[in-house]
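This report refers to the structure that appears directly beneath it.
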Amino acid sequence: MTSDAGNENCLGWAARDPSGFLSPYKFNRRNVGVDDVSITITHCGVCYADVAWTRNKQGHSKYPLVPGHEIVGIVKEVGSNVQRFKAGDHIGVGTYVNSCRECEYCDDRREVQCSKGAVLTFDGIDTDGTVTKEGYSSYIVVHERYCYRIPENYPSASAAPLLCAGITVWSPMMRHNMNQPGKSLGVIGLGGLGHLAVKFGKSFGLKVTVFSTSPSKKDEALNLLGADNFIISSNNDEMKAMEKSLDFLINTASADIPFDLYLSLLKSEGVLSMVGFPSEVKFNPASLILGMRSISGSITGGTKQTQEMLDYCASHEIYPNIDIVPIQYANEALERLIKKDVKYRFVIDIASSLK
């Protein structure tokens, strides 16, 4: 089946320059190909990537830029070869919408690591040569391989943050076996990523300690999210008391941290996984060598792992803490994200506010 969708106007909100200011913008989507799914967007999570790209912090943003890569919606139409989805299905799209489908990583359903580079959900180059424009818009057209089934009865608004924030912490936790009951996990930072790392850790039966620079987050960490311990990272006595106590650390913060100090908190053979983006990683080699410790990096996950995470969250009733806002609030939401003034993920209600 093909469609005249490419001749319809898609309504979105776009940044026109590095100021990052978003305003209404009309553009055309490509026609629905034989392997494509057309999705009416209902919700889109607000991610720090939206800040970075709209403000050209990477230096390669292509304007007009329509951000958003935590996308949930309803299938409007499918191509003739599509087997996994049908009109009316609840569906999600994450941080990439294409890959080569031929390399070892794509063969292993780890498309985010595609040897030729996965096509980013926004500001990438799509199959028709156009620049991808995504979640802050009324609908999208995506190859079915890069779409996810949202489990029945799982709220669409809650599903959106899982497609970037959720999989970003889930992926390293799976790779480093951070799902062994009785083990100890430290979570650095308690924002959109960190609060989900806490929820996953508790679901796996781990003893979870939150490290934060904000004393005001203690009550929420312990009583709302269920963490076992809360440490003010600037308190040297509290930090020293944690030496050699953790099996794993996951750093969700993008601020610079004292790596030697945090590495000292790990037991022998402990792992510090990086998902935040500090300006530099600096440590004494002895911090790794003497304790046989490791530092690793991770971004999001492949299509197989992302679907597994969604299914796990549904079956274990794990829901991100969200603040639902209209599209007209998008600029303020991004500014508040910069100021870390959000608990814990903004989600834009596209369906009821984008007109």
Side-chain angles (χ1 to χ4, degrees), residues 6 8-30 39-73 92-98 117-142 146 157 160-161 163-165 168 191-193 254 276-277 299-300 322-342 345-355:
E8 296 174 359
N9 276 328
C10 182
L11 178 60
W13 275 47
R16 270 64 169 200
D17 56 53
S19 72
F21 183 79
L22 299 165
S23 58
Y25 168 66
K26 286 188 176 181
F27 60 101
N28 291 326
R29 292 289 189 194
R30 72 166 187 265
I39 306 165
T40 299
I41 298 174
T42 60
H43 297 86
C44 185
V46 179
C47 176
Y48 191 79
D50 302 344
V51 172
W53 262 263
T54 54
R55 287 155 174 75
N56 197 30
K57 292 185 180 291
Q58 314 297 321
H60 51 63
S61 296
K62 297 175 279 293
Y63 298 100
L65 191 148
V66 179
H69 62 197
E70 296 180 341
I71 303 165
V72 174
V93 177
T95 60
Y96 52 93
V97 291
N98 216 331
V119 177
L120 297 180
T121 299
F122 60 82
D123 202 43
I125 303 299
D126 211 345
T127 53
D128 60 354
T130 61
V131 177
T132 53
K133 297 176 172 64
E134 298 305 333
Y136 292 25
S137 63
S138 55
Y139 81 99
I140 53 173
V141 178
V142 182
Y146 308 94
L163 295 165
C164 176
T168 295
L193 278 68
S254 290
F277 280 83
I299 46 173
T300 61
I322 60 174
D323 187 354
I324 300 175
V325 298
I327 188 69
Q328 293 78 14
Y329 193 78
N331 287 303
E332 190 165 348
L334 292 177
E335 290 296 332
R336 286 181 59 187
L337 191 58
I338 293 169
K339 298 172 184 174
K340 301 179 182 178
D341 178 25
V342 53
R345 204 68 161 181
F346 285 121
V347 174
I348 300 171
D349 185 344
I350 298 290
S352 64
S353 64
L354 182 61
K355 308 293 183 184

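- Taking the side chain as every heavy atom from C-beta outward, Val119 and Tyr146 never approach each other to under 4.5 Å.
- Smallest separation of non-hydrogen atoms from Ser138 and Leu354: N-CD2, 3.4 Å.
- Here the side chain of Asn56 pairs a donor or acceptor atom with the backbone of Ser61 at under 3.5 angstrom.
- Within a 6.0 Å radius of NZ in Lys26, other residues, nucleotides and ligands contribute 12 heavy atoms or fewer.
- You'll find the side chain of Cys44 reaches within 4.5 Å of the side chain of Ile71, heavy atoms only.
- The shortest side-chain heavy-atom distance between Ile350 and Thr42 does not fall under the 4.5 Å cut-off.
- Between the side chain of Arg345 and the backbone N or O of Ala160, no donor-acceptor pair lies under 3.5 Å.
- Taking each heavy atom of Val51 and Thr54 in turn, the nearest pair found is O-OG1, 3.2 Å.
- For the pair Ser137/Arg29, a side-chain contact is recorded, criterion being any heavy-atom separation below 4.5 Å from C-beta on.
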* Please assess Tyr329 against Phe346 for the test side-chain contact (heavy atoms from CB on, under 4.5 Å), listing each intermediate value before the final yes or no. => CA-CA 10 Å; Tyr329 193 78; Phe346 285 121; 4.2 Å; yes
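- Residues Ile41 and Gly135 approach most closely at CD1-O, 3.7 Å, considering heavy atoms.
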* Stepwise side-chain contact (heavy atoms from CB on, under 4.5 Å) check, Tyr136 with Asp50 -> CA-CA 10 Å; Tyr136 292 25; Asp50 302 344; 2.7 Å; yes
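- The shortest side-chain heavy-atom distance between Asn28 and Asn9 falls under the 4.5 Å cut-off.
- In this structure, the side chains of Leu65 and Phe122 come closer than 4.5 Å at one or more pairs of heavy atoms.
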* Asked: What's the verdict on side-chain contact (heavy atoms from CB on, under 4.5 Å) for Val325 and Ile348, showing C-alpha distance, side-chain angles and the deciding distance?
  -> CA-CA 5 Å; Val325 298; Ile348 300 171; 4.2 Å; yes
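- Heavy-atom minimum distance, Lys355 versus Leu11: O-CD2, 3.0 Å.
- For the pair Leu22/Leu334, a side-chain contact is recorded, criterion being any heavy-atom separation below 4.5 Å from C-beta on.
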* To do: Please step through side-chain contact (heavy atoms from CB on, under 4.5 Å) for the pair Asp126 and Arg30, ending with a clear verdict.
  => CA-CA 9 Å; Asp126 211 345; Arg30 72 166 187 265; 2.7 Å; yes
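- For Tyr25, the ring-ring contact (aromatic ring centres under 6.0 Å, His included) test picks out Phe27, with sequence neighbours left out.
- With rounding to the nearest 0.5 angstrom, the CZ atom of Phe21 is 9.5 Å from the CZ atom of Arg16.
- Proximity of Thr168 to Ile299: side-chain heavy atoms (C-beta onward) are nowhere separated by under 4.5 Å.
- Remark: Glu332 does not engage Lys339 in a salt bridge, criterion side-chain N to carboxylate O under 4.0 Å.
- For Trp53, the side chain to side chain donor-acceptor pair (under 3.5 Å) test picks out Asp123, with sequence neighbours left out.
- Judged purely by atom type and a 3.5 angstrom limit, Ser353 uses its side chain to pair as donor or acceptor with the backbone of Ile327.
- Here the side chain of Glu70 pairs no donor or acceptor atom with the backbone of Cys47 at under 3.5 angstrom.
- When all heavy atoms of Ala157 and Ile324 are compared, the pair lying nearest together is CB-CD1, 3.8 Å.
- In this structure, the separation between CG on Asn98 and CD1 on Ile125 is 12.0 Å, given to the nearest 0.5 Å.
- In this structure a side-chain-to-backbone donor-acceptor pair under 3.5 Å is missing from Glu134 to Ile140.
- Applying the ring-ring contact (aromatic ring centres under 6.0 Å, His included) test to His43 and every residue at least two apart in sequence or in another chain returns nothing.
- Here the shortest heavy-atom pairing between Pro18 and Tyr63 reads CA-OH, 3.3 Å.
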